[in-house]
A.B. asks: 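Before we start, here is the structure in question, set down as structure tokens.
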2 protein chains.
Amino acid sequence: MAKDNSRTTMGDVAARAGVSQMTVSRVLNKSGKTSQTVRDRVQKAASELGYVHNRLATGLRMRFSPLVAVVLPTLGNRVFPEVLNGVNDALSEAGLRAVFGVSEYDDAQEEALVRDLLSWQPRGILLPGLEHSAATRAAIAGAVSASGTRVVEVMDIDGDPISVAVGVAQAEAGREMARHLLARGHRRIAYLGAQGDRDRRAAKRLEGFAEALRAGGGRLIVSRVSEGPSSLAEGRQMTADLLSTTKPHAIYYSNDDLAAGGLMHCLANGIDVPGQVALAGFNGLDIADALPLRLTTTRTPRYQIGFQAGRILAGDDAGAQMASVSGPRVIDLGSELVAGDTT
Amino acid sequence: MAKDNSRTTMGDVAARAGVSQMTVSRVLNKSGKTSQTVRDRVQKAASELGYVHNRLATGLRMRFSPLVAVVLPTLGNRVFPEVLNGVNDALSEAGLRAVFGVSEYDDAQEEALVRDLLSWQPRGILLPGLEHSAATRAAIAGAVSASGTRVVEVMDIDGDPISVAVGVAQAEAGREMARHLLARGHRRIAYLGAQGDRDRRAAKRLEGFAEALRAGGGRLIVSRVSEGPSSLAEGRQMTADLLSTTKPHAIYYSNDDLAAGGLMHCLANGIDVPGQVALAGFNGLDIADALPLRLTTTRTPRYQIGFQAGRILAGDDAGAQMASVSGPRVIDLGSELVAGDTT
DNA sequence: AGAGCATATGTTTACGTAAACATAGGTCAA
DNA sequence: TTGACCTATGTTTACGTAAACATATGCTCT
């Protein structure tokens, strides 16, 4: 069992093994030269005492902790747990850990969060999107110049990254979907989104979408964005409201949750899809494929975005080297329009 | 901007403000007495230098870090991000942060993960479920006796917690669903699950379910559990396979993802639900409510479980006091059977 | 056999912070 | 006027680790 009260240190292990603390450090970190005899004795003493490495001390002694800061806009959307999963897998491979926080799509909260996370002296920080307040940028710039903190921005590549951006082209995804809907003969189109004007990536998609729509002779007849988070229920409700007053040829949703909710409304109310109204989402969640009608959507490599970002943050990625040498860098992981049964 | 190269410390701030490092500490932590003059000078110097508090040093100096370890079985299931969200909110209120890891429903991985997370000297650790390997228990016991680490196990309350368990009664939820299906006249019932035999909570539900089913004159005619993670697609596939050879009156799924997938199969293939086959899930995900037919399921308070666990781990919860005084303690947050349109 | 050197281990120190203890200067009562 | 007592600040130290430097032991080569 463990010691009476205070935690077991390398010193305790050293005493029991009859060596110096430094030798214990060498054995446990497999650094430097140690003899087999000493190694065995130290290992034995360590396990007998239930020694637990203290990473706080290591992190303090070394120039940075094996922590990476991860800022997420929300956990309420399937997308970000998937990104987080990718990040976590990449970090785990490198023996690092994530400390994360949620900004709720709010710049002020993001700012406070970034400051807080930086106090853990993370080796790197991951941020959603390319838009951040001046104060956030300043805080990050400070960490970068003081400790060489790595910075990766994920999801969006439409803009200037602080250092490296990993994601997909948002406006182009919107344009692509507009062209698809036009090709299917839809002209009068409605847009439904969520998170107010705080979801900048959705805004960029809409911008590209509207532009290509006009260019192709279509028209965005309505655009409604709810304030709250997106969900199936919200999508269903918004769709019901919309269709009660308007008859668009198609509805473009800011994501698959909303779109799937819209499809549910149509299925439950005998509205023919895509005959009476076509539906298109974004993200390519697995729900899009499992619905009675396969949802037309844009598939994004969320896990891969997280994983790649994690690799760069961990520093064992060639891309990271290049980034530091050649300045801001963009990694486009590509999205793919999946034409389903709903358009 | 920040200093040339090494990070700014309290000493640097102190030098610029013309006071001692300790005074800076007192001002920034609002501890001890300081004069308004000095406070202002220190604040000014700190912000001019872009000083960032070093929590690694604080954590080392104090007896534990403001970190809490969180073990999740997976991020691939809606349920756990929701729990994590609750934990994170509770911890944020208390100025704490979560370091998390994913065990993939695997005891050996959980063990390694727990060891790793404990090296951050967390104030507390959160674990999924009540079943853990002997080595995991030993590692935790060591941390508890050495540093008074708090331990909270979540989701399940059917068993003996290490210290505090926050969750719902799994077996009883299974029994309740069996009674519901029997009351609706279903007798020959199939069970479909995922994650092999590693999801212990699902196993407990099935046990209670089977028991109450027998007691009420029903019969569990098939029980199939896939090895991989649960998903809509998997549920759809498993349901298709099952119905191609068997005609149960009802299918009980280990969770709503699978159940929703099953419902999709039925909707897409014109199978009358619940006429030809009834479907029931577990968790009460929002998808259950948004489908064309509302899915019968058992609603669980996932965010609340996380939040409550977070409060206890943060230590600002009366329940935590009681727990330490009166030994193991169980907090039942209650589940609720929601009869939908599918049974 | 002695110089030279590799190998294994020990000693000192610093990382940044905050508790514990120390002290200068002022206030106030008798 | 003196000393007892605050109040605001400074000094020392320890938290647990690992880099840098120091040393002892034995081995190789001529």
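Each chain gets a letter, A, B and so on, in the order its sequence line appears, and its residues count up from 1.
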A.B. asks: With sequence neighbours left out, write down each residue that passes salt bridge (Lys or Arg N to Asp or Glu O under 4.0 Å) with A:R123, or none if nothing qualifies.
C.D. replies: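 Salt bridge (Lys or Arg N to Asp or Glu O under 4.0 Å) check on A:R123 returns nothing, list empty.
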A.B. asks: Please check this pair: side chain of B:D106 against backbone of B:A108, looking for a donor-acceptor N/O pair closer than 3.5 Å.
C.D. replies: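 Yes, the answer is positive, given that a donor and an acceptor are paired below the 3.5 Å cut-off.
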A.B. asks: Mark yes or no for whether B:T8, through its side chain, and B:Y51, through its backbone, hold a donor-acceptor pair below 3.5 Å.
C.D. replies: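 Absent.
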A.B. asks: Name all residues meeting the side-chain hydrogen bond (donor to acceptor under 3.5 Å, both in side chains) criterion together with B:T34; count only those two or more places apart in sequence or in a different chain, and write none if there are none.
C.D. replies: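 For B:T34, the residues satisfying side-chain hydrogen bond (donor to acceptor under 3.5 Å, both in side chains) (neighbours in sequence not counted) are B:R39.
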A.B. asks: The criterion is salt bridge (Lys or Arg N to Asp or Glu O under 4.0 Å); which residues satisfy it with A:R198, sequence neighbours excluded?
C.D. replies: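 Here the qualifying residues are A:E227.
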A.B. asks: Is any side-chain heavy atom of A:S133 closer than 4.5 Å to a side-chain heavy atom of A:T136?
C.D. replies: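 They are in side-chain contact.
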A.B. asks: By the definition side chain to side chain contact (heavy atoms under 4.5 Å, CB included), identify the one residue from B:V68, B:V166, B:L127 that meets it with B:V152.
C.D. replies: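 The passing option is B:V166.
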A.B. asks: Over the length of the helix from C:dA1-D:dT30 to C:dA30-D:dT1, how much do the five-pair end axes diverge, rounded to 10 degrees?
C.D. replies: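 About 40° separates the two local helix axes.
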A.B. asks: With a 4.0 Å cut-off, would you call A:R311 and A:D89 a salt bridge?
C.D. replies: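 Salt bridge absent between A:R311 and A:D89.
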A.B. asks: Distances for protein N/O vs nucleotides 23-26 of chain D N/O pairs under 3.5 angstrom?
C.D. replies:
none

A.B. asks: Answer yes or no: is there a donor N or O on one side and an acceptor on the other, between the side chain of B:S92 and the main chain of B:N88, under 3.5 Å?
C.D. replies: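 Present.
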A.B. asks: Could you tell me whether a side-chain N or O of B:D199 sits under 3.5 Å from a main-chain N or O of B:R201, the two making a donor and an acceptor?
C.D. replies: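 Present.
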A.B. asks: Where along nucleotides 9-18 of chain D does protein come under 4.0 Å, by heavy atom, of base (B) or sugar-phosphate alone (S), with - for untouched nucleotides?
C.D. replies: BBB--BBBBB
